[in-house]
K.L.:
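Handing you this structure, nothing more for now.
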Amino acid sequence: MNIESDFPQLKNQIYLDNAGAIPVPQPLLHAFVNDTAEQLLGNPHSLGSPSSSFAALRVAQTRATILEYFNTSSDKYSVVFTQNATNALKIIADIGSWKTDNFWYLRECHTSVVGIRESVLHARGAAGDVSLEEFGIRTVKSEFVEEYIKDSTLVAPGINSLFAYPAQCNHSGTRFPLTWIKQMQKHGWNVLVDCASYCSTTPLDLTKYPADFNVISFYKLFGYPTSLGALIVKKSTLKRFITKDRLYFGGGTVEAVAIDSPWHRLHQFDAPQHPLELGTLPFLEIMAVSHGFDYIRGLGGWNMVQEIAFSLTENLLKRMRALSHGNGVSVCVIYEHAGREKGPIINFNIKGQSGNIIGFNTVVTLASVNNIHLRGGCFCNPGACQHALELTTEDIQSHAEVYGHKCGDSQDLIKNRPVGSIRVSLGFVNTSKDIDALLAFIERHFVVQSIPLVPKTPVISGQIMAKLAEICVYPVKSCGALRVDDWPLVRKNGVNSDASLLGDRVWMLVDYDSKALNQKRCPALCTIIPKSIDLKSGKIVFTSSSASDECVLWLWSLNGGGVNVEMCGKCIQVRNSDKEASSWFSKVLGLSCKLVRVLDSPPEQIAIAEEGKMEKFNYRPFKQSFSNESPFLLISTKSFDYLGSQLPNGIRSRHEAFRANFIINDMNEIDTLRPFEEDSWEGRDILIGINKFNVTAQCRRCYMICVDQTNGSRSSEPLSTLATIRKTQITSEVPGTRITFGVHIQLASSSNNIGKKISETGGDIVGVVKIGDVLQVS
């Protein structure tokens with residue numbers, strides 16, 4: 001195998017998420033494309049056609065190849081093609097009767113296995129918050145299973161009771177004994193083995209370990225096809241297990257059907273197309289599976305695959321355990337099951353120099369801008385995640401209901417405790433250079449050998465620190481800035497802390513699924529620039545380097561009714577905006593999107609916010625702008641210049657990437673500011689001119705600052721260098737510290753008290769800021 005020729009997509013990339021998906025080998029695709037291009041293949045259901053017969057033969061040959069991989073034959077097992085492993089599990093859930101049969105599953109099971117319990121609960125009429133054990137459902141630990149199989153007097157309560165467990169935990173790589181299969185069968189249990197993770201490097205021998213049900217996804221074996229999985233089921237078990245009439249039959253699953261009566265006859269289990277396969281099979285994708293197995297044989301077989309993955313894992317694990325900070329604190333906390341065999345997966349978090357856990361999103365984000373592909377979260381394995389992180393059921397419910405945490409959001413620490421971790425999974429596509437790169441990345445960004453002592457000058461109240469050098473307004477969230485010399489501060493609903501710059505982020509673009517667009521998802525947003533604004537009429541003109549025409553929005557005009565969209569993982573209500581403008585933005589960006597506008601707070605939502613219950617209901621408070629965390633963001637040119645001086649040779653950054661509203665500078669070329677001076681203002685008040693603001697927090701940074709604001713291209717800088725500069729901050733004794741640059745501020749009060757209503761939609765003017773305003777720490 002030649003990595004460069006077989007996987008050209010891996011050039012300059014460090015891919016460490018093989019448990020998520022194996023990269024597609026180019027030879028596999030070429031072989032598949034050539035095969036399908038040279039052969040005339042028809043629908044296998046078109047009986048009598050030569051092209052149909054040939055397609056049916058190829059499908060049958062692939063079934064035989066899969067059974068050969070599992071070291072069994074069609075005499076004992078059937079291959080049921082499915083969309084993926086999850087769909088295979090759903091079939092098991094759907095065909096069981098469950099009224100008298102129990103369902104036990106190992107704590108480390110994938111979410112898709114756990115989901116079978118819903119069929120059991122439904123079959124038994126359970127409703128609401130019930131005890132699972134009351135309905136024959138039980139989560140078991142591996143220690144329990146070991147004790148259970150020793151007691152010969154224990155027998156499964158029903159003939160079709162099911163015990164499910166993973167051959168390899170997709171969270172930690174722990175491998176559980178395959179000997180459990182026969183031992184649990186002796187106790188009367190049918191055994192379901194989730195072998196999707198295990199089989200990515202190691203075949204499961206069904207002659208030696210004859211599990212009743214086995215599920216896989218083929219893209220986890222050799223990368224392609226991504227739309228195909230299989231249920232490998234013991235024939236004798238299936239005939240016994242299906243004890244209820246199916247609620248649906250489809251094409252290819254029946255021998256005969258009467259149209260005017262309920263009579264029909266289903267195919268038998270030994271039919272060419274299995275009766276659990278509905279409709280025409282994806283016969284081309286099935287042919288691709290044969291080419292996948294051919295590719296692995298060409299590498300030297302599965303023994304070679306396992307040897308590569310396991311040796312790299314052992315090497316990486318040893319070196320990760322040896323990493324430590326200068327004060328002796330270990331860098332990596334590794335989550336594993338002591339005393340069990342381990343597959344090619346390492347699950348871990350990174351600790352700071354004081355032992356605090358660094359949020360996994362911080363690590364994964366930094367890795368991504370360095371072209372290192374990791375995965376963070378709980379990996380659809382709630383039991384293993386909860387056990388590793390010592391989270392209780394109450395913790396999980398509280399995280400979701402009180403803090404609004406859900407799978408895939410940006411929260412990685414709650415109350416300074418991790419809610420997820422990082423996973424490295426290795427495969428035959430990896431080399432020792434990959435693990436060297438990962439370790440170098442960890443050492444550069446997170447390992448602190450010594451703590452530099454930088455004396456800080458105490459900030460004196462009333463001290464003149466800086467002056468306002470630039471004011472930026474962003475009418476459309478994540479699009480370009482309008483630079484102004486002076487600008488009004490406005491508020492709605494009489495709340496100072498909700499005040500913002502007039503017209504700042506009052507519009508937002510959402511995609512087809514009503515999810516907010518930002519430069520992380522759509523870098524081309526930066527090319528859309530507000531060209532001019534007329535406050536009297538409210539006319540704003542937008543232009544883009546990729547459009548010959550311009551777009552006009554009207555600040556004082558409201559169009560469209562209220563709709564729900566998703567922003568930062570929260571559901572919010574917004575107002576539909578102009579269709580013509582949406583068409584212009586869609587044309588410029590090359591994707592279908594819709595322009596929406598902020599919506600004033602409805603009374604019931606305000607009431608919830610006032611009662612302090614907003615988080616509990618997982619709603620985002622209605623604000624007068626689409627700002628993420630605060631109405632204003634402030635950065636210092638002194639900090640920016642220092643960051644620029646640390647960037648690698650030839651790399652330059654622009655402060656536009658940091659998307660600040662206020663940019664401050666030294667007073668009259670006198671050094672009144674130090675780099676990152678603004679960090680020390682957190683929790684204090686500052687005056688900008690005669691307007692008082694409260695500094696609420698430092699601004700957490702992500703790879704959005706790596707988007708070049710002139711053309712939308714991405715790189716690893718300046719985030720990678722910023723993380724290195726902030727290393728001691730990230731790993732400090734303050735739990736949950738992130739990579740930060742700039743500070744969030746909100747209006748505390750204004751001495752202007754203008755109180756002028758500029759329009760029904762614009763709110764009240766409560767102050768004005770202008771370039772040259774003096775900044776003082778109060």
K.L.:
So which atom in Gln411 and which in Gly404 form the shortest heavy-atom distance, rounded to 0.1 Å?
P.N.:
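Result for this residue pair: NE2-C, 3.7 Å.
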K.L.:
With side chain to side chain contact (heavy atoms under 4.5 Å, CB included) as the test, would you mind laying out the steps for Ser636 and Phe676 before giving the verdict?
P.N.:
CA-CA 8 Å; Ser636 158; Phe676 305 108; over 6 Å; no
K.L.:
Any donor and acceptor pair, going by atom type alone, linking the side chain of Lys727 with main-chain N or O of Val447 inside 3.5 Å?
P.N.:
yes
K.L.:
Any side-chain to backbone donor/acceptor pair from Asn327 onto Gln353? Under 3.5 Å, distance only.
P.N.:
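Here the side-chain-to-backbone pair exists.
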K.L.:
Go through the steps for Asp486 and Val769 under the test side chain to side chain contact (heavy atoms under 4.5 Å, CB included), then give the verdict.
P.N.:
CA-CA 6 Å; Asp486 55 80; Val769 289; over 6 Å; no
K.L.:
Just checking, is any N or O donor in the side chain of Ser639 or Glu678 under 3.5 Å from an acceptor N or O on the other one?
P.N.:
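Yes - a donor-acceptor pair under 3.5 Å links their side chains.
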K.L.:
Test your reading of the model: is there a side-chain donor-acceptor pair from Lys477 to the backbone of Phe626, 3.5 Å cut-off?
P.N.:
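Flag set: sc Lys477 to bb Phe626 pair under 3.5 Å.
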K.L.:
Is the shortest side-chain N to carboxylate O distance from Asp679 to Arg726 below 4.0 Å?
P.N.:
yes
K.L.:
Mind checking the CD1-OG1 spacing from Ile663 to Thr637? Nearest 0.5 Å is all I need.
P.N.:
8.5 Å
K.L.:
Report yes if the side chains of Pro675 and Phe640 come closer than 4.5 Å at any heavy-atom pair, otherwise no.
P.N.:
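Counting from C-beta outward, Pro675 and Phe640 never come under 4.5 Å.
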K.L.:
Under the criterion salt bridge (charged side-chain N to carboxylate O under 4.0 Å, His left out), I'd like the reasoning laid out for Asp708 against Arg654: C-alpha separation, chi angles, the key distance, then a yes or no.
P.N.:
CA-CA 8 Å; Asp708 186 326; Arg654 298 167 61 94; 5.4 Å; no
K.L.:
With a 3.5 Å cut-off and no angle check, do the side chains of Asn18 and Asn430 form a donor-acceptor pair?
P.N.:
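The answer is yes; a qualifying pair exists.
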K.L.:
Is the backbone N or O of His744 less than 3.5 Å from a side-chain atom of Thr696, with the two atoms forming a donor-acceptor pair by type?
P.N.:
yes
K.L.:
Is there side-chain contact between Ile14 and His373, with heavy atoms separated by less than 4.5 Å?
P.N.:
no
K.L.:
Taking the side chain as everything from C-beta on, heavy atoms only, tell me whether Asp17 gets closer than 4.5 Å to Leu374.
P.N.:
no
K.L.:
Any idea how Phe441 and Phe446 line up, ring-wise: parallel (<30°), tilted (30 to 60°), or perpendicular (>60°)?
P.N.:
perpendicular
K.L.:
Is a side-chain donor-acceptor pair under 3.5 Å present for Ser330 with His325?
P.N.:
no
K.L.:
Determine whether Gln13 and Asn371 make a side-chain contact, defined as any pair of heavy atoms from C-beta on separated by less than 4.5 Å.
P.N.:
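Touching, per the 4.5 Å side-chain cut-off.
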K.L.:
Are the side chain of Glu717 and the backbone of Thr721 linked by a donor-acceptor contact shorter than 3.5 Å?
P.N.:
yes
K.L.:
Please examine the side chains of Asp511 and Cys593, heavy atoms only from C-beta on, and report whether any two atoms are closer than 4.5 Å.
P.N.:
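No - every pair of side-chain heavy atoms lies 4.5 Å or more apart.
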K.L.:
For a quick test of reading the model, state the closest non-hydrogen atom pair linking Pro523 to Gly712 and the distance between them.
P.N.:
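Heavy-atom minimum between the residues: CB-O, 3.1 Å.
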K.L.:
Salt bridge check, Lys594 against Asp513: does any charged N sit closer than 4.0 Å to a carboxylate O?
P.N.:
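Not counted as a salt bridge, because no side-chain N and carboxylate O are separated by less than 4.0 Å.
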K.L.:
Please report the closest heavy-atom contact between Ser432 and Leu312, naming both atoms and the distance.
P.N.:
N-CD2, 3.7 Å
K.L.:
How close do Cys706 and Val369 get, counting heavy atoms only, and between which atoms?
P.N.:
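Smallest heavy-atom distance, with atoms named: SG-CG1, 4.1 Å.
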K.L.:
Verify side chain to side chain contact (heavy atoms under 4.5 Å, CB included) between Val552 and Ile540, making sure each step is shown before the conclusion.
P.N.:
CA-CA 6 Å; Val552 174; Ile540 308 179; over 6 Å; no
K.L.:
Classify the ring geometry between Tyr403 and His399 as parallel (under 30°), tilted (30 to 60°) or perpendicular (over 60°).
P.N.:
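Aromatic pair Tyr403/His399 classed perpendicular.
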K.L.:
Verify, without hydrogens or angle tests, whether Arg659 (side chain) and Tyr474 (backbone) share a donor-acceptor contact under 3.5 angstrom.
P.N.:
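No; judged by distance alone, with no hydrogens or angles, the pair does not exist.
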K.L.:
For the residue pair Arg700 / Asn361, report whether a side-chain donor-acceptor contact shorter than 3.5 Å exists.
P.N.:
no
K.L.:
Quick one: do Lys770 and Asp773 make a salt bridge, cutoff under 4.0 Å?
P.N.:
yes
K.L.:
So do the side chains of Trp487 and Val473 get within less than 4.5 Å of each other, counting heavy atoms only?
P.N.:
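Result yes, sub-4.5 Å side-chain heavy-atom pair found.
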K.L.:
Do you know the tightest heavy-atom contact between Val490 and Leu502?
P.N.:
CG2-CA, 3.8 Å
K.L.:
Report the distance from atom OG of Ser368 to atom CG of Asn370, rounding to the nearest 0.5 Å.
P.N.:
8.0 Å
K.L.:
For Thr740 and Arg701, which I'm curious about, is there any donor-acceptor pair between the side chains at under 3.5 Å?
P.N.:
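Looking only at side-chain atoms, Arg701 and Thr740 do not form any donor-acceptor pair under 3.5 Å.
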K.L.:
Enter the distance from Asn665:CG to Asp641:CG here, rounded to the nearest 0.5 Å.
P.N.:
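One finds 7.5 Å between CG of Asn665 and CG of Asp641.
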K.L.:
What is the distance from atom CH2 of Trp507 to atom CZ of Phe585, rounded to the nearest 0.5 Å?
P.N.:
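Those atoms lie 8.5 Å apart.
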K.L.:
Considering only heavy atoms from C-beta outward, does the side chain of Ser478 approach that of Leu517 to under 4.5 Å?
P.N.:
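A side-chain contact under 4.5 Å is absent here.
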K.L.:
Below 4.0 angstrom, N of the basic side chain to O of the carboxylate: do Glu550 and Lys531 qualify?
P.N.:
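The answer is yes: the pair qualifies as a salt bridge.
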K.L.:
Looking at every heavy atom in both Val588 and Ser544, which two are closest together, and how far apart are they?
P.N.:
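In terms of heavy atoms, the two residues are closest at CG1-OG, 3.3 Å.
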K.L.:
About how many Å separate CD of Glu470 and CD1 of Ile664, when rounded to the nearest 0.5 Å?
P.N.:
12.5 Å
K.L.:
Any non-hydrogen side-chain atom of Arg423 less than 4.5 Å from a side-chain atom of Val364?
P.N.:
no
K.L.:
If the plane angle is over 60° it's perpendicular, under 30° parallel, otherwise tilted; pick one for Phe658 and Phe741.
P.N.:
tilted
K.L.:
When rounded to the nearest 0.5 angstrom, what distance separates CD1 in Ile334 from SG in Cys332?
P.N.:
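It is 6.0 Å, given to the nearest 0.5 Å.
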K.L.:
Taking Arg319 first and then Glu443, would you say they form a salt bridge - that is, a charged N and a carboxylate O separated by under 4.0 Å?
P.N.:
no
K.L.:
Do the side chain of Ser627 and the main chain of Glu629 share a donor and acceptor less than 3.5 angstrom apart?
P.N.:
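No: the side chain of Ser627 does not pair with the backbone of Glu629.
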K.L.:
Could you give me the CA-CA distance, side-chain angles and deciding distance for Asp666 and Arg674, then say whether salt bridge (charged side-chain N to carboxylate O under 4.0 Å, His left out) is met?
P.N.:
CA-CA 9 Å; Asp666 284 323; Arg674 291 178 293 111; over 6 Å; no
K.L.:
Taking atom types as modelled, find out whether Ser421 and Asn349 have a side-chain donor-acceptor pair closer than 3.5 angstrom.
P.N.:
no
K.L.:
Judged by atom type as modelled, is there a donor-acceptor pair below 3.5 Å linking the side chain of Gln9 to the main-chain atoms of Val24?
P.N.:
yes
K.L.:
Decide yes or no on side chain to side chain contact (heavy atoms under 4.5 Å, CB included) for Phe662 and Ile745, but give the supporting numbers first.
P.N.:
CA-CA 10 Å; Phe662 300 141; Ile745 63 175; 3.7 Å; yes
K.L.:
Without swapping roles, check the side chain of Ser778 against the backbone of Asp685 for a donor-acceptor pair under 3.5 Å.
P.N.:
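Flag set: sc Ser778 to bb Asp685 pair under 3.5 Å.
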K.L.:
Just by modelled atom types, is the Leu673 backbone N or O under 3.5 Å from a matching donor or acceptor in the Lys638 side chain?
P.N.:
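Between the backbone of Leu673 and the side chain of Lys638 there is a qualifying donor-acceptor contact (under 3.5 Å).
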K.L.:
For atom NZ of Lys515, is the number of surrounding heavy atoms from other residues, nucleotides or ligands below 6.0 Å larger than 12?
P.N.:
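Check fails, neighbour count at 12 or below.
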